[in-house]
Amino acid sequence: LKKAMPELEVLSFDYSPHRVLSAEFNFRRLGLPTDALFVGDGSRLPLPDRSIDLVFTSHVLEQMQEVLDTALREIQRVARRFAVHLEPSYRFAGWGHRLRVRRKDYPTDLEARSRRLGWRVVEWRAADPTWAPTPAEWILLEKADAR
């Protein structure tokens, strides 16, 4: 994203220090600044309220089943208006992948949970298969109080 739109301020974090170091290596290889990378806990984001124009997750919420509602509330707290989730799909997947989702205890109701927490679902569909190695869904959310 930063490579395509250098004028944007892009923050990126991971719970794993190893992943952040890996991202720093890749950013340097691409000639991108690394000052906006940080280690963080998705259930306690070190960001001010309504400070992020767009929150984007990709294959991270799947691993947060125990704290998913807390993480979704944190996303809602820091987002000014929108959130986009690209996460493994249950609804738009075949039985083989559905069994994998169940076996790994990944969330199967991200769209419904988002609605319960007050998000308006702008778009919810199967993700383009070239975006992820496994069946995924794209959910574009808008804060109900953002209009």
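In what follows, residues are counted from 1 in the order of the sequence shown.
When all heavy atoms of V60 and E87 are compared, the pair lying nearest together is N-OE1, 3.1 Å. The minimum heavy-atom distance between T34 and E24, with the atom names listed, is CG2-O, 3.8 Å. Residues Y106 and E62 approach most closely at CD2-O, 3.0 Å, considering heavy atoms. In terms of heavy atoms, P33 sits closest to F27 at O-CD2, 3.2 Å. Nearest approach of A144 to G118, heavy atoms of both residues: CB-O, 3.2 Å. Closest non-hydrogen pair, A83 versus I75, comes out as CB-CG2, 3.9 Å.
Around atom CZ of F25, no more than 12 heavy atoms belonging to other residues, nucleotides or ligands sit under 6.0 Å away.
In this structure, CZ in R125 is found 9.5 Å from CG in L140, a value given to the nearest 0.5 Å. Rounded to the nearest 0.5 Å, atoms CG (L61) and CG (L68) are 6.0 Å apart. One distance of note links OG1 of T108 with CZ of R102; it measures 4.5 Å at 0.5 Å rounding. In this structure, the separation between OG on S89 and CZ on R98 is 7.5 Å, given to the nearest 0.5 Å. Going from atom CD of E111 over to atom CZ of R116 covers 9.5 Å, rounded to the nearest 0.5 Å. Considering NZ of K104 and CD of Q65, their distance stands at 13.5 Å, rounded to 0.5 Å.
Taking hydrophobic clusters as Ile, Leu, Val, Met, Phe, Trp and Tyr residues chained together by side-chain heavy-atom distances below 4.5 Å, V78 shares a cluster with F38. L45 and L72 fall within the same hydrophobic cluster, where Ile, Leu, Val, Met, Phe, Trp and Tyr residues are linked whenever their side-chain heavy atoms come under 4.5 Å apart, directly or through other members. Hydrophobic clustering, with ILVMFWY side chains joined whenever heavy atoms are under 4.5 angstrom apart, groups L30 together with L37. Put simply, V39 and Y15 are part of two different groups of oily side chains (I, L, V, M, F, W, Y) that touch within less than 4.5 Å, one to the next. Residue W124 is not grouped with residue F56 when hydrophobic side chains (ILVMFWY) are merged at heavy-atom distances under 4.5 angstrom, including chains of intermediate members.
Although no hydrogens or angles enter the test, the distance criterion places a donor-acceptor pair under 3.5 Å between the side chain of K143 and the main chain of A79.
We find that R91 and E137 are not joined by a salt bridge, their nearest charged nitrogen and carboxylate oxygen being 4.0 Å or further apart. Between D145 and R50 there is a salt bridge, with a side-chain nitrogen of the basic residue lying less than 4.0 Å from a carboxylate oxygen of the acidic one.
Between L141 and E123, the closest side-chain pair of non-hydrogen atoms is not below 4.5 Å. Proximity of P107 to M64: side-chain heavy atoms (C-beta onward) are nowhere separated by under 4.5 Å. Within the 4.5 Å cutoff, no side-chain heavy atoms of V55 are placed close to those of V84. Counting heavy atoms from C-beta on, the side chains of L86 and I139 never come closer than 4.5 Å. V101 is listed as a side-chain neighbour of H97, based on a closest heavy-atom distance under 4.5 Å.
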Self-check item: CA sep, side-chain torsions, deciding dist, call: L110, H85, side chain to side chain contact (heavy atoms under 4.5 Å, CB included)
Solution: CA-CA 9 Å; L110 189 54; H85 302 301; 4.0 Å; yes

Quiz prompt | Worked check of salt bridge (charged side-chain N to carboxylate O under 4.0 Å, His left out) between R81 and E142 | solution = CA-CA 6 Å; R81 184 170 180 184; E142 182 178 33; 2.6 Å; yes

Quiz prompt | F92 and W138: CA distance, side-chain angles, deciding distance, ring pair (Phe, Tyr, Trp, His ring centres under 6.0 Å) verdict | solution = CA-CA 10 Å; F92 301 111; W138 166 270; over 10 Å; no

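In summary, the side chains of S16 and D14 do not present any donor paired with an acceptor at a separation below 3.5 Å, with no hydrogens or angles considered.
Applying the side chain to side chain donor-acceptor pair (under 3.5 Å) rule to pairs touching residues 68-77 yields D49-R77, D69-R113, E74-R77, sequence neighbours excluded.
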Let me have the donor-acceptor pairs involving side chains of residues 6-13, under 3.5 Å, with sequence neighbours excluded, atom names and distances please.
none

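For R19, there are no salt bridge (charged side-chain N to carboxylate O under 4.0 Å, His left out) partners, not counting sequence neighbours.
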